[in-house]
There are 2 protein chains.
Amino acid sequence: MNKCEQCIVRQLSSLRELTRDELIRISHCKTSKIVKRGEVLFNEGDQVNGVFCIKDGVCKVSKMSENGRDQVIKLITKGDLLGERSLITGGSSNLTARALNDMEICFIPKDEIVRDLKQNNNFTMSMLKDLATSLRDADEVIVDMAQKTVKQRLAETLIHLDNKFPKDDEGYIDVYLTREDIANIIGTATESAIRILSDYKKKGLINFKGKRIIIQDVKGLERIAQKY
Amino acid sequence: MNKCEQCIVRQLSSLRELTRDELIRISHCKTSKIVKRGEVLFNEGDQVNGVFCIKDGVCKVSKMSENGRDQVIKLITKGDLLGERSLITGGSSNLTARALNDMEICFIPKDEIVRDLKQNNNFTMSMLKDLATSLRDADEVIVDMAQKTVKQRLAETLIHLDNKFPKDDEGYIDVYLTREDIANIIGTATESAIRILSDYKKKGLINFKGKRIIIQDVKGLERIAQKY
DNA sequence: GGGATTCTATGATAAATATCAGTTTTTTTC
DNA sequence: GAAAAAAACTGATATTTATCATAGAATCCC
């Protein structure tokens with residue numbers, strides 16, 4: 001069994017507020033798991049009876065729209081927590097999580113987390129701060145979705161991906177997204193996303209080989225994302 | 001000075017978790033205020049050094065998009081809290097709040113709330129639950145903005161307004177929104193909102209006299225909002 | 001390693017939505 | 001209560017985006 005103490009997730013998430021004793025207890029009840037690319041961590045409507053710690057890999061968290069298209073709400077990556085919101089609201093998940101590549105995760109049962117939330121106010125406060133920040137980010141997304149064009153949103157998403165993910169040896173953004181995934185992040189038709197990507201490539205803003213994308217002109221993309 | 005104990009806001013918000021003693025302390029440091037229609041409670045970028053309790057009236061909370069259009073994120077009404085998120089994240093507000101009609105509000109200084117958050121875990125947990133629920137709602141909004149047509153979003157907004165606000169003697173929804181406000185809720189041009197409203201009126205789904213709107217066929221609106 | 005499948009790409013067209021211009025109506029203000 | 005300002009409305013047109021159809025490229029899978 002791996003120690004939680006040195007875990008990357010502990011360093012980056014609210015779990016850093018747990019005391020040594022609490023951490024030891026968590027260490028003993030957590031379970032580790034490998035999730036293969038394409039596999040589902042949980043589905044919309046599932047009861048999520050705990051919190052996932054992402055030790056490695058990336059997953060997309062999405063929600064099915066009433067008209068049958070999937071909307072990617074966020075990408076969860078190494079060091080992140082997943083499922084804490086459903087745990088707090090108590091009900092089943094409103095979102096689906098699916099692995100984009102092979103993942104290494106731990107699962108902490110609900111009761112253990114709830115116990116710590118009730119007893120360790122620093123932990124609760126840190127969680128509160130995280131949620132408040134997420135809400136602020138959500139406001140941004142809502143404004144962008146409502147007011148910006150598809151071209152602007154794609155430019156923004158490319159910048160966002162460039163910031164969030166590491167680069168491989170040649171500088172390509174290290175995340176496995178199909179064109180459909182990208183379209184589902186910005187909320188457009190796959191064909192539209194493809195067309196705009198090709199256009200940005202032609203203009204020298206980006207380059208790509210298949211799914212491997214590299215940003216060549218961040219300033220240019222920023223100009224598109226901001227200027228109307 | 002009004003007692004906080006019987007206040008509507010206390011009944012409907014996380015403040016219900018405060019103990020009698022905490023409430024008495026809050027009672028003594030809060031300030032009451034009248035805000036006239038059109039006045040701003042706080043602007044994007046302002047330091048909001050406390051929490052607003054809405055005793056009466058309605059305000060719109062919006063955010064300016066980079067292309068210069070205002071997006072209404074939510075409507076805040078009688079019984080709601082306002083400003084707690086900025087308080088928790090610590091920084092300045094990312095949103096602007098403006099009164100839609102005359103309002104009666106109380107203001108509780110930041111330090112008092114923070115003190116209670118640190119000492120009363122029930123209060124913190126309740127706040128945590130509220131934020132988690134708001135995040136879930138935000139997910140819904142993001143999906144709708146990204147995937148639904150303007151017609152669908154307007155239908156949805158009308159249903160939403162019908163649920164959220166009381167009705168006057170004749171059954172009209174009791175909220176003062178211009179056509180531009182409505183357009184800024186659904187994220188479209190004012191002219192588009194006007195056209196679709198007229199269309200819905202012609203189809204007998206709604207009726208309106210000026211800003212006073214009445215829903216005549218909820219089922220019909222639901223069908224539009226859901227079916228693609 | 002070759003067939004099946006999924007993914008990417010492109011053109012043609014249709015549909016949705018924004019913009020611009022101008023008019024009428026309502027609301028505010030003095 | 002009249003003038004000014006703001007809001008609501010309508011038509012014409014341009015732009016954006018989705019849809020449909022089809023073909024080539026990459027990937028998966030025995």
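Below, chain A is the first sequence line, B the second, and so on; all start at residue 1.
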Without placing hydrogens or testing angles, list every side-chain donor-acceptor pair under 3.5 Å for residues 56-65 of chain A, not counting sequence neighbours.
| from | atom 1 | to | atom 2 | distance (Å) |
| --- | --- | --- | --- | --- |
| A/Lys60 | NZ | A/Asp181 | OD1 | 2.8 |
| A/Ser62 | OG | A/Asp70 | OD2 | 2.8 |
| A/Lys63 | NZ | A/Glu44 | OE2 | 3.2 |
| A/Lys63 | NZ | B/Glu140 | OE2 | 3.4 |
| A/Ser65 | OG | A/Asn67 | N | 3.3 |
| A/Ser65 | OG | A/Asn67 | OD1 | 3.4 |

- Item | Side-chain heavy-atom pair B/Leu87, B/Val51 within 4.5 angstrom cut-off | yes
- Task: May I have the distance from B/Ile224 (atom CD1) to C/dA16 (atom P), rounded to whole angstrom?
- Result: 13 Å
- Message: What I'd like to find out is whether the side chain of B/Leu131 reaches to under 4.5 Å of the side chain of B/Leu135, using heavy atoms alone.
- Response: no
- Given D/dA7, D/dA18, C/dT8, the nucleotide with the shortest approach to the side chain of B/Thr178: D/dA7
- Task: Please check the phosphate of D/dA7 (OP1 and OP2 only) for any side-chain N or O of B/Thr190 closer than 4.0 Å.
- Result: no
Please output the side-chain donor-acceptor pairs of residues 164-171 of chain B that fall under 3.5 Å, not counting sequence neighbours, one pair per line with the distance.
| from | atom 1 | to | atom 2 | distance (Å) |
| --- | --- | --- | --- | --- |
| B/Lys164 | NZ | B/Leu75 | O | 3.1 |
| B/Lys167 | NZ | B/Asp162 | O | 2.7 |
| B/Lys167 | NZ | B/Phe165 | O | 2.6 |
| B/Asp168 | OD1 | B/Glu170 | N | 2.9 |
| B/Asp168 | OD1 | B/Gly171 | N | 3.0 |
| B/Asp168 | OD1 | B/Tyr172 | N | 2.9 |
| B/Asp168 | OD2 | B/Arg212 | NH2 | 2.9 |
| B/Glu170 | OE2 | B/Arg212 | NH2 | 3.1 |

- Value in whole Å for how far the P atom of D/dT17 lies from CD1 of A/Ile196: 7 Å
- Task: Write down the distance between CG (B/Leu100) and P (D/dA7), rounded to a whole number of angstrom.
- Result: 12 Å
- Between B/Lys148 (NZ) and D/dA18 (C1'), how many Å, whole number? 18 Å
- Note on the structure: With sequence neighbours left out, the residues meeting ring-ring contact (aromatic ring centres under 6.0 Å, His included) with A/Phe107 are A/Phe52
- Is A/Arg153 near enough to D/dT16 that one of its side-chain N or O atoms lies under 4.0 angstrom from OP1 or OP2? no
- Query: Atom CD1 of A/Ile194 to atom C1' of D/dT19: distance rounded to whole Å?
  - Reply: 14 Å
Please tabulate, one pair per line, each protein N/O and nucleotide N/O from nucleotides 11-13 of chain C that are separated by under 3.5 Å, including the distance.
| from | atom 1 | to | atom 2 | distance (Å) |
| --- | --- | --- | --- | --- |
| C/dG11 | N7 | A/Arg195 | NH1 | 2.9 |
| C/dG11 | O6 | A/Arg195 | NH2 | 3.0 |
| C/dA12 | N6 | A/Arg195 | NH2 | 3.4 |

- Query: Which ones in residues 179-189 of chain A lie close to DNA chain D, meaning a heavy atom under 4.0 Å from one of its atoms?
  - Reply: A/Thr188, A/Ala189
- Does B/Arg153 use its side chain to pair, donor to acceptor, with the backbone of B/Ile186 at less than 3.5 Å? yes
- Task: Establish, with yes or no, whether the OP1 or OP2 oxygen of D/dC9 is under 4.0 angstrom from a side-chain nitrogen or oxygen of B/Ser198.
- Result: no
- Message: When you compare the side chain of B/Val218 with that of B/Glu222, does any pair of heavy atoms fall below 4.5 Å?
- Response: yes
- Kindly state each residue pair satisfying side-chain hydrogen bond (donor to acceptor under 3.5 Å, both in side chains) with at least one member in residues 182-199 of chain A, sequence neighbours excluded. A/Asp199-A/Lys203
- Residues which pass salt bridge (charged side-chain N to carboxylate O under 4.0 Å, His left out) with B/Glu156, listed by chain and number, not counting sequence neighbours: B/Lys148
- Under 3.5 Å: donor-acceptor pair, side chain of B/Gln152, backbone of B/Thr149: yes
- Item | Polar side-chain atom of A/Arg98 near backbone of A/Gly38 as donor-acceptor pair, under 3.5 Å | yes
- Message: What's the angle between the local helix axes at either end of the helix from C/dG1-D/dC30 to C/dC30-D/dG1, using five pairs per end and rounding to 10 degrees?
- Response: 60°
- Message: Nearest whole Å is fine: how far is D/dA8 C1' from B/Leu177 CG?
- Response: 15 Å
- Item | Residue B/Thr149, side-chain atoms from C-beta onward, closest of D/dA18, D/dA7, C/dA16 | C/dA16
- Query: What's the CD-P distance between A/Gln152 and D/dT16, to the nearest Å?
  - Reply: 10 Å
Polar atom pairs (N or O), protein with nucleotides 27-29 of chain D, under 3.5 Å:
| from | atom 1 | to | atom 2 | distance (Å) |
| --- | --- | --- | --- | --- |
| D/dC28 | OP1 | A/Arg37 | NH2 | 2.8 |

- Under the side-chain hydrogen bond (donor to acceptor under 3.5 Å, both in side chains) rule, collect the residues that match up with A/Gln71, sequence neighbours excluded. B/Gln147
- How would you list, by chain and number, every residue that makes a side chain to side chain contact (heavy atoms under 4.5 Å, CB included) with A/Ile34, sequence neighbours excluded? A/Glu104
- Nearest-angstrom distance from the residue atom CG of A/Leu154 to P of D/dT16: 15 Å
- By side-chain hydrogen bond (donor to acceptor under 3.5 Å, both in side chains), A/Thr133 pairs with (sequence neighbours left out) none
